[in-house]
K.L.:
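Quick one: structure below, then a few questions.
The figures here come from the full heavy-atom set of this structure, side chains too, leaving out hydrogens, waters and symmetry mates. Quick caveat, the model's predicted, so the values are computed rather than measured. Proteins get letters first, then strands, A, B, ... in listed order; numbering begins at 1 in each.
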Number of protein chains: 2
Amino acid sequence: MRIGEVADRAGVSTRALRYYEEQGLLASERTSSGQRTYAEAAVERVQLIQQFFAAGVPSRTILQMLPCIDTGHGSPEAFAMLESERSRITAAIADLSAARDQLDRLIGIARHPTPEHCPALRDPAWAPYAPAAH
Amino acid sequence: MRIGEVADRAGVSTRALRYYEEQGLLASERTSSGQRTYAEAAVERVQLIQQFFAAGVPSRTILQMLPCIDTGHGSPEAFAMLESERSRITAAIADLSAARDQLDRLIGIARHPTPEHCPALRDPAWAPYAPAAH
DNA sequence: CTTGACCTTGACGTCAACGTCAGGTCTTAG
DNA sequence: CTAAGACCTGACGTTGACGTCAAGGTCAAG
């Protein structure tokens, strides 16, 4: 498989794939003329990488986790890293949930403005602020 | 309250507060000599902004949401924005949960490597040296 | 009056995950 | 054979939320 097909099937750009290789996240064989060749499993791997990126795991950290994933056994530090990322993600989920709850509260207030629930109506310190005083 | 105290109490830098003001997210009065002065409510507001940033809401979007929040009533577009961000956050939570599940799976595999659960042991495409591709 | 902590504006630096362009090579359909 | 399209390396551009330095004003204490 050449790079374009992997990119299409994984839903990323070819630039991204070269970037992953540059970061040591994705290996490739080369043809005699220098073009990259990938195994089928590359698609799955790229999707895994994407999932980690979406979770806010930086490439350096993924790089440290991958040997543990690939070989199926890792050093204690690698385990610590996996656990650490896990708890970071859990914390991020909590933050997002809190933000969503705030948003729900604000949506509720915006729908039914009442002085007791809306600080802005009691203390209009932020009422009209200048659009762009420049 | 001057800028340093707000920064301390909200747990951010003074640079961040000036940035928020620059972006139109946070207003301030000025003393005759030009120093910024904030009301008590500023601390709460900064924490709200921080919460939104943590949820991945960009400053431009927060800027569009704030009038709706401050005045307690918004245009239909403002409502759409709030709802839109809400669903975006919900999707982000789902992504994070999926990534965490993946991580749990990988942790389980790394703890108890078995060929049936570990693709790396069946198809060692990423092993130190690659056997012939099929 | 002076010290030192705090404040001001302005402007450039950072970091990550790519986007994008330039200029050349490879492959394949016709 | 040739033209189109996919691929290569290398290098600079982008974006957001600030960090950080420079070169000064301001303010309470001693």
K.L.:
Ignoring hydrogens and geometry beyond distance, is a side-chain donor-acceptor pair present between A:Thr90 and B:Arg100 at under 3.5 Å?
P.N.:
yes

K.L.:
When you check the phosphate oxygens OP1 and OP2 of D:dG16, does a side-chain N or O of B:Arg60 lie under 4.0 Å from one of them?
P.N.:
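Checking D:dG16 against B:Arg60, a side-chain N or O does come within under 4.0 Å of OP1 or OP2.
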
K.L.:
In this structure, how many angstroms lie between the P atom of C:dT8 and the CD atom of B:Glu22, rounded?
P.N.:
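In whole Å, C:dT8 P and B:Glu22 CD are 13 Å from each other.
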
K.L.:
Which of the following nucleotides, C:dT27, D:dC12, D:dC7, is nearest to the side chain of A:Ser33?
P.N.:
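From the listed options, C:dT27 comes nearest.
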
K.L.:
Would one find a side-chain N or O of B:Tyr19 under 4.0 angstrom from OP1 or OP2 of D:dC18?
P.N.:
no

K.L.:
Just how far, in rounded Å, is C1' of D:dC18 from CD1 of B:Ile49?
P.N.:
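After rounding, the gap between these two atoms is 14 Å.
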
K.L.:
If you find the nucleotide of DNA chain C closest to B:Gly34 and the one closest to A:Pro58, which residue's nucleotide is nearer the 5' end?
P.N.:
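Upstream on the strand: B:Gly34.
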
K.L.:
Roughly how many Å is it from CG in B:Leu26 to P in D:dC18, rounded to a whole number?
P.N.:
12 Å

K.L.:
Quick one: is A:Arg30 getting a side-chain N or O under 4.0 Å of the D:dT9 phosphate, OP1 or OP2?
P.N.:
yes

K.L.:
Please determine whether a side-chain nitrogen or oxygen atom of B:Arg2 lies at a distance below 4.0 Å from atom OP1 or OP2 of C:dC6.
P.N.:
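So the side chain of B:Arg2 is outside the cut-off, no N or O lying under 4.0 Å from OP1 or OP2 of C:dC6.
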
K.L.:
Roughly, in whole Å, what's the span from CZ in B:Phe53 to C1' in D:dT15?
P.N.:
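After rounding, the gap between these two atoms is 13 Å.
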
K.L.:
In whole angstroms, how far is the P atom of D:dC7 from the CE atom of A:Met1?
P.N.:
12 Å

K.L.:
Can you work out whether A:Thr14 or A:Gln35 has the more 5'-proximal nearest nucleotide on DNA chain C?
P.N.:
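Looking at the nearest nucleotide for each, A:Thr14 comes out on the 5' side.
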
K.L.:
Expressed as a whole number of angstroms, how long is the span from A:Glu5:CD to D:dA6:C1'?
P.N.:
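A:Glu5 atom CD is separated from D:dA6 atom C1' by 12 Å.
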
K.L.:
Taking for each residue the nucleotide of DNA chain D bearing the nearest heavy atom, is the 5' side occupied by B:Val57 or by B:Arg15?
P.N.:
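The residue closer to the strand's 5' end, by nearest nucleotide, is B:Val57.
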
K.L.:
Measure distances between side-chain N and O atoms of A:Arg18 and base N and O atoms of D:dT9, and say whether any donor-acceptor pair falls under 3.5 Å.
P.N.:
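There is none.
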
K.L.:
Less than 4.0 Å between a side-chain N and a carboxylate O, is that true for A:Glu5 and A:Arg2?
P.N.:
no

K.L.:
Salt-bridged, A:Glu44 to A:Arg9, with N to O below 4.0 Å?
P.N.:
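Judged by the 4.0 Å cut-off on N to carboxylate O distance, A:Glu44 and A:Arg9 do not form a salt bridge.
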
K.L.:
Less than 4.0 angstrom between a side-chain N/O of B:Arg36 and OP1 or OP2 of C:dT9, yes or no?
P.N.:
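Indeed, a polar side-chain atom of B:Arg36 lies that close.
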
K.L.:
How many Å lie between CD on A:Glu21 and C1' on D:dC7, as a whole number?
P.N.:
13 Å

K.L.:
Charged N to carboxylate O under 4.0 angstrom, B:Arg60 versus B:Glu85?
P.N.:
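So B:Arg60 does not pair with B:Glu85 through a salt bridge.
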
K.L.:
Nearest-Å distance, CD (A:Gln50) to C1' (C:dC18)?
P.N.:
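Computing the A:Gln50:CD to C:dC18:C1' distance gives 10 Å.
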
K.L.:
Can you tell me if A:Ser13 touches the phosphate of C:dG19, counting only side-chain N or O atoms and a distance under 4.0 Å to OP1 or OP2?
P.N.:
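Yes, because at least one side-chain N or O of A:Ser13 sits under 4.0 Å from OP1 or OP2 of C:dG19.
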
K.L.:
Of the options A:Gln50, A:Arg15, A:Arg45, which is the one that meets A:Tyr20 in a side-chain hydrogen bond (donor to acceptor under 3.5 Å, both in side chains)?
P.N.:
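Among A:Gln50, A:Arg15, A:Arg45, the one meeting side-chain hydrogen bond (donor to acceptor under 3.5 Å, both in side chains) with A:Tyr20 is A:Gln50.
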
